[in-house]
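Below: one structure, written as structure tokens.
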Protein chains: 2
Amino acid sequence: MVNETQHTCSASSSSKSDGGSSSGSESSKDSSRCSTPVLDADRHERLREKMRRRQDSGDKWFSLEFFPPRTANAAVNLISRFDRMGAGGPLFVDVTWHPAGDPGSDKETSSMIIANTAVNYCGLETILHMTCCNQTKDEITGHLQKAKRLGLKNIMALRGDPVGEEWEEEVDGFNYAVDLVKHIRNEFDDYFDICVAGYPKGHPEAESYEADLRHLKEKVFAGADFIITQLFFRSETFLKFMKDCQAIGITCPIIPGIFPIQGYHSLRQLVKLSKLEVPQEIKDVIEPIKDNDAAIRNYGVELAVSMCRELLDSGMVHGLHFYTLNREVATTEVLKRLGIWKEDPRRPLPWAVSAHPKRRVEDVRPIFWASRPKSYIYRTQEWDDFPNGRWGNSSSPAFGELKDYYLFYLKSKSPREELLKMWGEELTGEESVFEVFTCYITGEPNKNGHKVTCMPWNDDPLATETNLLKEQLEKVNRRGILTINSQPNINGKPSTDPIVGWGPSGGYVFQKAYLEFFTSSEIVTALLKVLKKYELRVNYHIVNVKGQNITNAPDLQPNAVTWGIFPGREIIQPTVVDPVSFLSWKDEAFALWIEQWAKLYEEESPSRMIIQYIHDNYYLVNLVDNDFPLENCLWQVVDDTFELLN
Amino acid sequence: MVNETQHTCSASSSSKSDGGSSSGSESSKDSSRCSTPVLDADRHERLREKMRRRQDSGDKWFSLEFFPPRTANAAVNLISRFDRMGAGGPLFVDVTWHPAGDPGSDKETSSMIIANTAVNYCGLETILHMTCCNQTKDEITGHLQKAKRLGLKNIMALRGDPVGEEWEEEVDGFNYAVDLVKHIRNEFDDYFDICVAGYPKGHPEAESYEADLRHLKEKVFAGADFIITQLFFRSETFLKFMKDCQAIGITCPIIPGIFPIQGYHSLRQLVKLSKLEVPQEIKDVIEPIKDNDAAIRNYGVELAVSMCRELLDSGMVHGLHFYTLNREVATTEVLKRLGIWKEDPRRPLPWAVSAHPKRRVEDVRPIFWASRPKSYIYRTQEWDDFPNGRWGNSSSPAFGELKDYYLFYLKSKSPREELLKMWGEELTGEESVFEVFTCYITGEPNKNGHKVTCMPWNDDPLATETNLLKEQLEKVNRRGILTINSQPNINGKPSTDPIVGWGPSGGYVFQKAYLEFFTSSEIVTALLKVLKKYELRVNYHIVNVKGQNITNAPDLQPNAVTWGIFPGREIIQPTVVDPVSFLSWKDEAFALWIEQWAKLYEEESPSRMIIQYIHDNYYLVNLVDNDFPLENCLWQVVDDTFELLN
């Protein structure tokens, strides 16, 4: 990219009073420059810009539609699905508005909260559907304000279905989607990107196909940014619709809605709701196999793949919108076969970013929450500014209280019975706790034959990176150094490294070795003696549940433990060990013993008392080896400690 | 250092509403934490704190007193002396108040401006003397306000000498130093550190020695932070004085004023002014050698060294204050023989910091001004905030205009005749300019036998670091790549490295290779073709005097080219290549051709026209090799360019 700019000023015109076009007068903080190194353009663009950029680059994309679940358990599962399907790289997800389900409320199953979780906790660009019929203007404004506050930036503006049989005009409300579009633009200016629905066969209630096209044009001219269509069964249907739209002057993006047939009954139900007719050739295939779910799904995938190929090959379609029915398999298979499911192992930063607009500049976090990123987002949700560049420069307020361990998006994905199998139906002493930690590290089944796939401090199985340390971690956990977080030292690996790489290509990433663990006061006493020998090479923080705090951190400064150097950019240092935040994390880390583990057991039971004992008496320790170019000395520190104890 | 803090809160008390002593309630931006990584504690302490810290650590120190010079040329020389004597590590310098010399004015020889230069441009902790007699309160307040505005933080409060023979009380002013001390504390609260004078033999006008001690105590109790004494000739004199001070309750630091005898006449003059008596044993030595300056100076040094040793050995003295008489040799020799002259090759940052309090957090600058740091400070003196952490995050205003090329602290230290000898009495073509650049690099004499020790863009001989690149630089300058700034790539050298190291020990420093030069448009055309091959590996900015600007910098982002990783700290990145600032630097870099070089010659002379031609037609180019772990590719880029041209 070459930016050739003509400047007309003379050589010595760098006066401050000399405004305008002269190069010399440019402020050092030019408005055309983004204030933070742009690692991931996506983070700074709004949805319509992303769409435009993908269209310009010829890079095909997809998006996924979900509906709010009925139960809290289903919500937990849906969030896991967001994480898994998010890995394929959807441009956005959308969450439908379910008027019967209290959609704007704070219930864990409401449309609002599901969309909030997708954007904030899963980092997905999200569109929230909103219908306007049967609601007052004020109710609608309230929903929109709440959506904005939660970081939602995109609204799908719909009329919704009337309550009774007959359509009745609402007096103090809106009767058509176009009214809602106008209302959003009036009340919220350009804040939201607005999507509206298109009907390739015409809306079933429209006077005619042509009249419906005119309604669509009104919605676009009222301020909609793009159109997603109702499902259809033949690519010609969509392509004709698109040409007809263009013919009457609709120029915004039109995204075809794809419905992979997944079963006989779901198809019938959808067709009934949407008043569509299934073409005879499809009926002919389906009817004979209507009781064979697998066969129908296979057929549905085939059909969707071939229709999508036709759409993409037409050159008129740049993105595909999938009606998932909250299911994964069929849609994922279609996407993979089309080659637009892109599991990019490269991460923009070592941790998963949130898509809330106010977190756009965030690029540094304490390492402590590395395995509990949703909890970190939750506990910092009230911050107005996010640390950017240096943690120590930030003026962020305190961490929020974490008492909501059972908030559905923070909750363990495994039910109690599963957890008991993993962490022990009955504990016999501290050693049985050591064994749980060791099994989690090794991946070997515990003595009852169950694999330990998560821990209170780690939602997921061990990170690939942690595998690099597996052997040493196993050794120390067996002896009561109960590790909950660690990273190896890295001295300048390419940013494209499949295990430790992050950020754009052409860069180099670095890490200081880090180890965080719970351990007994006996071990801590020996450890402190050993640490004296290492002086400033090893920084440590040692704290117990009461807040007794021992550290050699100079002036409470944060210590950068991950950083990257990229072409043409300032240094990025996305994780730090911060002595001040550590005390907030300490509260959470100790509380997880009780909230997630001890409470699995009866009160006063020996198992519960063992966990309570550890909670009350162990220390939480973190160690950083500052000499990242040398061999990690932290294992030597631990070895020396055990030697001193023997 | 182990900070053991007791926290009494329970494990899950990290609520924001939970104020007070609980660890969990601490803000992530704790007030006890400095917002910028403390690389050099000195930068963040006030003078009295520095004194206290040195006393506690047993680290002996010295300070240097200067008087304002009479002429502008003498001022230029004094500034060079500040730089040279600053290298020995004085705790502070002080500048006397010269009532007859318009001391508070903006004249280059005023006390105010000399002190301003010492603190801002030489980075020295500075005390400005101020006398109060013969001035109104308002005048004094005006001086103090101006001193504060200029970044001066320390005042030596003196009475000064009455104008006539007899002492007359001033009506609307102050009559004693104690009045000035009180006035400063009343009007400026605790902003200034205040020093007062002590008289080991009693003030000549005091009723008695004891009365004078009581006056001194009044000054201290009125708010003075420490005392510097009048000169004396025997260590017993000072030690007795100190004990007497302590006996009446003076507990602040008392710093002995040391006067190394440098000549017969200066001694006589000083003795006359201060109404002191020279002890007979000194007179006995001096009188016989009064015409032998060298002998007297040697004696003076011997005498000072032995007296200082006695003072330091007493255990009561932690710092020594030297009356330099604006001379270097004697004081430097005494300090070196005492072993307290400490030329520390280690730099807190790669560039020399300024001591203005508002620049305390400054830790990143564009690399362009590396060889013109005083010009950079001048052009940013109006900024209210200084970039800290990341350049791109700063909201600094525009660079100030640089039209004052002849401001004494920006002026070339060499007179016109010297410059003509170095840069050519008569130029015969562009090649004779190439030769000047080449001689500067090689250190070889030019064809008239003169060494080129400075250039318009470089005040000083080549940096040691640049010597690493000498051979290649010579080669390219000969061919018309006229380099003005460069650095080698460094992949993790210890921060204590004598050539490229900076910052506290135990760290690692890094650099991207950098090259900045003027060159012809013909070479630029070839260079641009070659650069295509290197893609993102090499970032470039190419600009001519008219502001035609060609770059491949993404989004106008700054590129960090020097950074350091230290134990227990966030990353420090003190120099960047910033595309926006480059356009301000460009104006200065091109103007220097005319202001410093072309104007040495007669108007319309061929020599002047050659420089003017280069100014009008050449480009200023900077190149960064982003692949710092690999061999520097910039020489290959230049070689490829010349190959393409042939």
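What you are looking at is a predicted structure, and each value in this text was computed from that prediction instead of being measured. By convention in this document, chain letters (A, B, ...) are assigned in the order of the sequence lines, proteins followed by strands, and residues within each chain are numbered from 1.
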Checklist entry - Just how far is it from atom CH2 of A:Trp563 to atom CH2 of B:Trp563, taken to the nearest 0.5 Å? => result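 That separation rounds to 11.5 Å.
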Checklist entry - Are B:Phe510 and A:Phe510 near enough that their ring centres are under 6.0 Å apart? => result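 Yes; A:Phe510 has its ring centre under 6.0 Å from that of B:Phe510.
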Checklist entry - Do A:Glu570 and B:Gln573 meet the criterion of a side-chain donor-acceptor pair at a distance under 3.5 Å? => result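 A donor-acceptor contact under 3.5 Å links the two side chains.
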Checklist entry - Quick one: of A:Ile565, A:Ile542, A:Asn539, A:Val624, who has the most non-hydrogen atom pairs under 4.5 Å with chain B? => result A:Ile565
Item to check | Derivation of the side chain to side chain contact (heavy atoms under 4.5 Å, CB included) call for B:Arg390 and A:Asn388 | outcome: CA-CA 9 Å; B:Arg390 272 195 198 145; A:Asn388 160 239; 3.1 Å; yes
Item to check | Verdict with supporting geometry, A:Val576 and B:Arg569, side chain to side chain contact (heavy atoms under 4.5 Å, CB included) | outcome: CA-CA 9 Å; A:Val576 295; B:Arg569 289 199 162 69; over 6 Å; no
Next on the checklist: I'd like to verify something: which residue of B:Gly568, B:Ala560, B:Ala589 has the highest number of heavy-atom pairs under 4.5 Å with chain A?
Outcome noted: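 Between B:Gly568, B:Ala560, B:Ala589, the count favours B:Gly568.
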Item to check | Any donor-acceptor N/O pair, A:Asn559 side chain to B:Pro567 backbone, under 3.5 Å | outcome: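 No, A:Asn559 side chain to B:Pro567 backbone: no donor-acceptor pair under 3.5 Å.
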Checklist entry - At their closest point, which heavy atom of B:Asn626 faces which heavy atom of A:Phe566, and how far apart are they? => result OD1-O, 4.2 Å
Checklist entry - Who passes ring-ring contact (aromatic ring centres under 6.0 Å, His included) against B:Tyr618, sequence neighbours left out? => result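 Residues passing ring-ring contact (aromatic ring centres under 6.0 Å, His included) with B:Tyr618: none at all.
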Checklist entry - With a 4.5 angstrom heavy-atom cut-off, which part of B:Asn544 approaches chain A: side chain, backbone, both or neither? => result neither
